[in-house]
Structures are given as structure tokens and as C-alpha cells.
Amino acid sequence: MALNPQLYDNGTPVPFVDELFVLRRDAVNFEVDKVAEAPGSKVSGRGAAYLSNYRIVCVLDKPVDNVQAFDMPLVYIHEEKFNQPIFFCNNLAGKVHPVIPEGANRALYSPHSFKINFKEGGTGTFIPLFMNLIKSVRAAQRMVDEPQSQPSAPPIDPMPAAPAPVDEMMRHA
């Protein structure tokens, strides 16, 4: 996870090379913990979620303690779970490893817990696309990491080894 990715003036995330944003969901609430820059080490707010073939970018409607947005590389997300509670809105929860600065000690950084609450629906498209993207990103990463003996450690590079086949997924969405 990384704080304040580059955004255009209209609040849309600036894409990486070969990145394709496939979906945007407005009116979602976000929560992420263990954010050193936030009081109480937690950031929560309302805004829009952007899903791409590399990451989920959460852009807040109103900045919270100098945090305008955060992104979660798909290769760093784990323990994801789609929840459909009876009395509350559907949500996607899980953990995401932080993007660690080059040369920093990995042992000093622990995963963040996150939750994306879909207040006005939209999970019928978002969740299947997300699950397909994360599955293809993990398959590509497994091919690269085959010789490694530590599957629980996040990859060093937050960019997937190969872009997910977004065209095929969009045809089925």
C-alpha cells in the first residue's frame, strides 16, 4: 500500500505504463489501518475506488490529514474476503503489504488491514473483476517466483510480472 499516488486535477489516478483502469465505483467508504501519517494510525473516508490491472486506488472526496488517496497493488493484497452482512452494506476486506522504500528493513513493516464498503451497490461487477484480476496476477507472479521458498513474503516489485488479460475479462463483464 502506498499513500497519495499521483492524481490528475479531476481526482482520477495517473496510470502507470501498461496500466488500464477497468472500473470506477463512487460512493464507497474506505478504512485502512497502520498509517503512520494519520492520527490513531487509521485513515477512513468516503470517495471513489478505481480498479486496474495493477492496483486498486482509493481516492477520498475530502483529504484526511494530508491523505488524498492510497493505492493497493494487487500483488500485495492477501486474505481478501467479500462480505455480505445482513444489516450492513457489502464490503471487500483483507490485508495489503506496504510498499517498502528501497533499502529499508522489511521486518519493520507489517501488513495493513483494509475494508472497502460499497454503500450504493456495484459489487456485482467490481468483485468478479477484482477476483479475476487478482487470480491472473497471482498466476503470473507464481511463474516468476517459482524458485522462491517463501510464498508468504510479498514480491519486491509491486508491479505484476505480466499485465492481467483485461480485454478478455471486460468482454465477459
Side-chain angles (χ1 to χ4, degrees), residues 1-35 37-38 40-85 87-99 111-138 141 154 158-160 163-173:
M1 190 203 80
L3 291 178
N4 295 323
Q6 282 188 313
L7 302 174
Y8 289 116
D9 291 337
N10 65 0
T12 304
V14 175
F16 295 133
V17 175
D18 295 330
E19 182 175 27
L20 178 64
F21 285 99
V22 295
L23 191 62
R24 172 187 168 159
R25 279 293 169 252
D26 292 313
V28 294
N29 288 2
F30 317 107
E31 295 175 19
V32 65
D33 69 357
K34 299 180 186 171
V35 179
E37 292 82 358
S41 75
K42 184 177 184 179
V43 172
S44 60
R46 185 176 175 92
Y50 295 84
L51 178 63
S52 84
N53 55 332
Y54 290 157
R55 60 190 171 146
I56 297 175
V57 183
C58 300
V59 180
L60 301 168
D61 289 341
K62 297 176 185 169
V64 176
D65 300 306
N66 295 324
V67 176
Q68 175 66 41
F70 58 91
D71 68 0
M72 301 180 290
L74 296 178
V75 295
Y76 282 13
I77 294 175
H78 59 101
E79 297 180 34
E80 68 280 352
K81 184 177 180 189
F82 175 55
N83 301 301
Q84 294 181 293
F87 295 111
F88 298 105
C89 59
N90 295 340
N91 65 73
L92 176 66
K95 296 191 178 203
V96 60
H97 289 282
V99 175
H112 303 274
S113 295
F114 72 89
K115 185 187 276 189
I116 301 173
N117 295 302
F118 295 87
K119 292 289 198 179
E120 295 181 10
T123 58
T125 305
F126 189 95
I127 296 301
L129 276 173
F130 167 75
M131 292 300 184
N132 284 331
L133 284 167
I134 207 160
K135 186 170 105 178
S136 64
V137 164
R138 286 179 180 158
Q141 196 66 39
M159 301 302 280
V166 174
D167 295 339
E168 180 69 21
M169 288 179 206
M170 291 302 289
R171 279 195 290 278
H172 287 85

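All values derive from a computational prediction rather than experimental measurement.
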How long is the gap from [atom1] on [X] to [atom2] on [Y], to the nearest 0.5 Å?
X: Ile116; Y: Thr123; atom1: CD1; atom2: OG1; value: 12.0 Å
X: Glu80; Y: Lys95; atom1: CD; atom2: NZ; value: 12.5 Å
X: Asp33; Y: Ser44; atom1: CG; atom2: OG; value: 11.0 Å
X: Thr125; Y: Arg25; atom1: OG1; atom2: CZ; value: 5.0 Å
X: Ser113; Y: Lys42; atom1: OG; atom2: NZ; value: 9.5 Å
X: Leu133; Y: Arg138; atom1: CG; atom2: CZ; value: 11.5 Å

Heavy atoms from other residues, nucleotides or ligands near NZ of Lys34 exceed 12 (cutoff 6.0 Å):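 Counting neighbours around NZ of Lys34, more than 12 heavy atoms of other residues, nucleotides or ligands fall under 6.0 Å, so yes.
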Asp9 atom CG: more than 12 heavy-atom contacts under 6.0 Å: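 Incorrect, the count does not exceed 12.
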Minimum heavy-atom separation for [X] and [Y], please, with both atom names.
X: Pro15; Y: Arg55; answer: CA-NH2, 4.1 Å
X: Val57; Y: Pro5; answer: CG1-CG, 4.1 Å
X: Cys89; Y: Phe118; answer: CB-O, 3.5 Å
X: Arg24; Y: Ala48; answer: NE-CB, 4.0 Å
X: Ala49; Y: Val28; answer: N-CG2, 3.8 Å
X: Pro98; Y: Tyr76; answer: O-CE2, 3.5 Å

Residues Asp26, Glu120; criterion side-chain contact (heavy atoms from CB on, under 4.5 Å); working and verdict: CA-CA 8 Å; Asp26 292 313; Glu120 295 181 10; over 6 Å; no
Option from Val96, Ile77, Asp71 for which side chain to side chain contact (heavy atoms under 4.5 Å, CB included) with Ile56 holds: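 Among Val96, Ile77, Asp71, the one that satisfies the side chain to side chain contact (heavy atoms under 4.5 Å, CB included) with Ile56 is Ile77.
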Tyr54 and Phe16 aromatic ring geometry - parallel, tilted or perpendicular at 30°/60° bounds: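 Phe16 vs Tyr54 ring planes: tilted.
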Donor-acceptor pair, side chain of Asn83 and main chain of Pro85, under 3.5 angstrom: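 Not a single qualifying donor-acceptor pair exists.
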Donor-acceptor contact present, side-chain Asn53 to main-chain Asp18, <3.5 Å: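 Yes, the answer is positive, given that a donor and an acceptor are paired below the 3.5 Å cut-off.
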Residues that Phe130 engages under ring-ring contact (aromatic ring centres under 6.0 Å, His included), provided they are two or more places apart: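 Once residues adjacent in sequence are excluded, Phe130 has no partner under the ring-ring contact (aromatic ring centres under 6.0 Å, His included) criterion.
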Derivation of the side-chain contact (heavy atoms from CB on, under 4.5 Å) call for Phe82 and Asn90: CA-CA 7 Å; Phe82 175 55; Asn90 295 340; 3.7 Å; yes
Leu92 vs Phe126, side-chain contact (heavy atoms from CB on, under 4.5 Å): CA-CA, chis, key distance, verdict: CA-CA 10 Å; Leu92 176 66; Phe126 189 95; 4.1 Å; yes
Stepwise side-chain contact (heavy atoms from CB on, under 4.5 Å) check, Asn29 with Lys115: CA-CA 8 Å; Asn29 288 2; Lys115 185 187 276 189; over 6 Å; no
